[in-house]
Amino acid sequence: MDSQPFRYLVAFLHIAPVISSTCTLWLAIDQHSSLQILTRPRIHGLDERFLPSYFIAFFDSIVYRVVGLLLTTMASVAGIVRFSDMSSGEHCSNHWYVASACLAMVHLLVYPVIAPHVEALRRDCREKNVDELQGWLRIHRLRTLIIDLPAWMCCVIGAIHCLSK
């Protein structure tokens, strides 16, 4: 299976997790930037009324994109591991990719930690809506820094290591 199209497919597989993890990281940063505005004191009177409906519409529309990107990272890493050529030394970057796939899975496993904040906003807890959003943002910020950013770095290092040969 050393045909030219197969080599292009394998090269694409090495780029796919870089693209999907970049989009995941970009989306996380964008979510934080967009939603932290709603926690500023100047708009607290308005936010208690519209924050729950806005957040739920936002969250419900974005959750499928995030899951899709994370699954793309995991699936492309599975392809890399499956099709990497053990004889060429290509497999030596696999640990970077596997680490990124594990981090993508951990991202999904963090949902039970944020679920209480999402559900509280879904129920519209009146005067505590901003506190719930701030709680969600705190976890979101940590998840971005300790899961999404390292996952992206692992993908980039794996791709550089593999494609530079």
Side-chain angles (χ1 to χ4, degrees), residues 1-39 54-119 121-122 133-165:
M1 257 188 148
D2 198 28
S3 68
Q4 193 68 17
F6 181 74
R7 278 187 256 163
Y8 288 138
L9 174 64
V10 171
F12 173 75
L13 280 174
H14 286 282
I15 298 300
V18 174
I19 294 169
S20 60
S21 64
T22 299
C23 291
T24 302
L25 182 61
W26 184 279
L27 196 54
I29 292 167
D30 188 53
Q31 287 173 343
H32 187 270
S33 299
S34 299
L35 292 174
Q36 76 171 349
I37 293 168
L38 301 175
T39 64
Y54 178 81
F55 179 81
I56 295 307
F58 177 84
F59 186 84
D60 288 349
S61 70
I62 207 89
V63 71
Y64 298 107
R65 291 181 217 163
V66 173
V67 171
L69 289 167
L70 295 169
L71 291 176
T72 300
T73 299
M74 290 184 269
S76 57
V77 167
I80 290 167
V81 171
R82 166 65 179 91
F83 294 112
S84 61
D85 183 6
M86 298 298 199
S87 63
S88 71
E90 191 178 283
H91 69 283
C92 60
S93 65
N94 283 359
H95 64 279
W96 290 107
Y97 290 117
V98 170
S100 72
C102 290
L103 288 165
M105 187 173 294
V106 170
H107 180 115
L108 293 172
L109 296 175
V110 171
Y111 182 77
V113 178
I114 67 164
H117 298 291
V118 173
E119 290 308 311
L121 284 163
R122 197 177 293 279
L133 179 59
Q134 287 173 330
W136 184 87
L137 284 168
R138 213 173 1 266
I139 296 165
H140 180 73
R141 189 172 34 252
L142 282 172
R143 183 181 58 200
T144 301
L145 291 173
I146 65 175
I147 297 171
D148 298 336
L149 180 60
W152 174 79
M153 292 167 61
C154 288
C155 288
V156 169
I157 291 169
I160 288 171
H161 190 269
C162 179
L163 297 175
S164 66
K165 292 186 177 198

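In this chain, residues are counted from 1 in sequence order.
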S.K.: Looking only at non-hydrogen atoms, find the nearest pair between L103 and A151 and report the distance.
M.R.: CD1-N, 3.5 Å

S.K.: Write down the atom of V77, the atom of S100, and the distance for their closest heavy-atom approach.
M.R.: CG2-OG, 3.7 Å

S.K.: List the steps, then state whether side-chain contact (heavy atoms from CB on, under 4.5 Å) holds for W152 with T24.
M.R.: CA-CA 8 Å; W152 174 79; T24 302; over 6 Å; no

S.K.: Can you tell me how far the CG atom of L25 sits from the CD1 atom of I147, to the nearest 0.5 Å?
M.R.: 12.0 Å

S.K.: Which heavy atom in T72 sits nearest to a heavy atom in G68, and how many Å separate them?
M.R.: OG1-O, 2.7 Å

S.K.: For F12, does the CZ atom sit with more than 12 other heavy atoms under 6.0 Å from it, leaving out its own atoms?
M.R.: no

S.K.: Any chance you could measure I15, atom CD1, to T22, atom OG1, to the nearest 0.5 Å?
M.R.: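 Reported to 0.5 Å precision, the distance equals 10.0 Å.
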
S.K.: Could you report the tightest heavy-atom contact between L27 and R65, atom names first, then the distance?
M.R.: CD2-CB, 4.4 Å

S.K.: Not counting sequence neighbours, which residues clear ring pair (Phe, Tyr, Trp, His ring centres under 6.0 Å) with H117? List them please.
M.R.: none

S.K.: For L13 and R82, what are the C-alpha separation, side-chain angles and deciding distance, and is it a side-chain contact (heavy atoms from CB on, under 4.5 Å)?
M.R.: CA-CA 11 Å; L13 280 174; R82 166 65 179 91; over 6 Å; no

S.K.: Which atom names give the shortest non-hydrogen contact between L108 and V67, and what distance separates them?
M.R.: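 Closest pair (atom of L108, atom of V67, distance): CD2-CG2, 4.0 Å.
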
S.K.: Do you know the tightest heavy-atom contact between V66 and H107?
M.R.: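 In this case the closest contact between V66 and H107 is CG1-NE2, 3.6 Å.
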
S.K.: Which value, rounded to the nearest 0.5 Å, describes the distance between I19 atom CD1 and S76 atom OG?
M.R.: 9.0 Å

S.K.: What distance separates L38 CG from L137 CG, expressed to the nearest 0.5 Å?
M.R.: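 So the gap between those two atoms works out to 8.5 Å.
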
S.K.: Once you round to the nearest 0.5 Å, how far does CZ of R141 lie from NE2 of H32?
M.R.: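 It comes to 4.0 Å.
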
S.K.: To the nearest 0.5 angstrom, please state how far the NE2 atom of H161 sits from the SG atom of C154.
M.R.: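 Rounded to the nearest 0.5 Å, the NE2-SG separation comes to 13.0 Å.
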
S.K.: Yes or no on side-chain contact (heavy atoms from CB on, under 4.5 Å) for H140 and L35, after CA distance, side-chain angles and deciding distance?
M.R.: CA-CA 11 Å; H140 180 73; L35 292 174; over 6 Å; no

S.K.: Please state whether the rings of F55 and F58 are parallel, tilted or perpendicular, taking 30° and 60° as the class boundaries.
M.R.: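 Taking F58 first and then F55, their aromatic rings sit tilted (interplane angle of 30° to 60°).
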
S.K.: Any idea how Y97 and H14 line up, ring-wise: parallel (<30°), tilted (30 to 60°), or perpendicular (>60°)?
M.R.: tilted

S.K.: Does the S34 side chain pair with the main chain of Q31, one donor and one acceptor, at a distance under 3.5 Å?
M.R.: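 Not confirmed, S34 side chain does not pair with Q31 backbone.
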
